Amino acid sequence: MDQTVELLMVFKQELEQCGSLQQLQDLRVKYLGKVGEVTNLLKGIKDLPADVRPVFGAKINSLRSELETLLADKSSTLKAKEMQLRLQNEQTDISLNSVADWGALHPITLIENKICEIMVSMGFEVLSGPEIETDYYNFKALNIPEDHPARDMQDTFYITDNILLRTQTSAMQARLMEKKKPPIKMICPGKVFRSDNDASHSPVFHQIEGLVVDKHITLCDLKGTLEYIASQLFDSKTKVRFRPSFFPFTEPSVEVDLTCSNCGGKGCSLCKGTGWIEVLGAGMVNPFVLDNCGIDSAKYNGFAFGMGVERLAMIKYGIPDIRLFYENDQRFIKQFGK
Ligand code: PHE
């Protein structure tokens, strides 16, 4: 039998058994490589009689191209198979239920959002200031010079002599008034820091500062603004009471109480039987602060207030211990979020 026909038959059998691209490559080398079967046949040509050489040469050439075609066909079949296998193996099982749980907005965030919403509806802009602050903005610009006893009211975390963690969002007052001239209506929510730690004090807590500077502002404007906030945050029957107080940056200064949201003013354990709950400090902006920031206190005046967000949340939701806010226990947090 013609050697080329025999070789082709054997090749086809071996090709049939080829199960991988690597085996196919080995087969290619075995037949078409430098010392492969087909090359060997070619080498044998020189031993043949001259008249049969061209015919045999042509046969070997067509054998070679047939092998090439068969190898190429097999190669694409194997590649397709391997791809199918890979797709099967690497398939991601998306049938499992997600183990992630839905979170909820933190009560501090809820109160902060609500107050921002109320203030924006009254035309206030919402600003934020740096938590790492200079002594100047946190104290000096607010009429609290060094060694002033008012500094003892706020146990401060100092970073250097002049740099500290802000103890009050009031630090934003002077920052803003240096840049912007009246009319000013802003609130500044943010974290503040004091070295204090018990059931009603945390070393980090949240305040919202409010500042209005314009012409002919009165204590009545302050009271009306706070009454509106209280009516929106609690209910429309909530009353606001001013008691005289002292802050170096407001004159006069007031401590502000609301009728107890728990008993409506009758007296209960939350308000210690008084019917009132203290919620914030406020007052008319001290002319010293205005002049210090380049605003003429003969022409302009204003009011400011600073409220503790934790305190408002504790009253609104009846939370007994401030530390519950920072434990991040999902069972606690999820009671308030929507
Ligand atoms: N910054 C004061 C405090 O933290 C509160 C306050 C703000 C008082 C604005 C008056 C005016 O206690």
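Just so we're clear, the structure is a prediction, and the values are computed from it rather than from any experiment. Quick note: residue numbers are just sequence positions, from 1. All ligand and atom numbering here is 1-based and tracks the order in the structure.
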Does a donor on one side chain and an acceptor on the other come within less than 3.5 Å for Glu310 and His206? yes

So, is Thr250 polar-close to ligand 1, with some N/O to N/O distance under 3.5 Å? no

Taking NZ, NE, NH1 and NH2 as the nitrogens, is one of them in [X] or [Y] under 4.0 Å from a carboxylate oxygen of the other?
X	Y	result
Lys237	Asp235	no
Glu278	Arg311	no
Glu227	Lys239	no
Arg194	Asp196	no

Which atoms of ligand 1 sit under 4.0 Å from any heavy atom of [X]?
X	value
Gly306	6 (C), 7 (C), 9 (C)
Ala304	9 (C), 11 (C)
Gln168	1 (N), 2 (C), 3 (C), 4 (O)
Phe249	1 (N), 2 (C), 6 (C), 7 (C), 8 (C), 9 (C), 10 (C), 11 (C)

4.0 Å heavy-atom contact, Glu255 with ligand 1: no

Atom 4 (O) of ligand 1: of Gln173, Arg194, Met284, the nearest heavy atom sits on Arg194

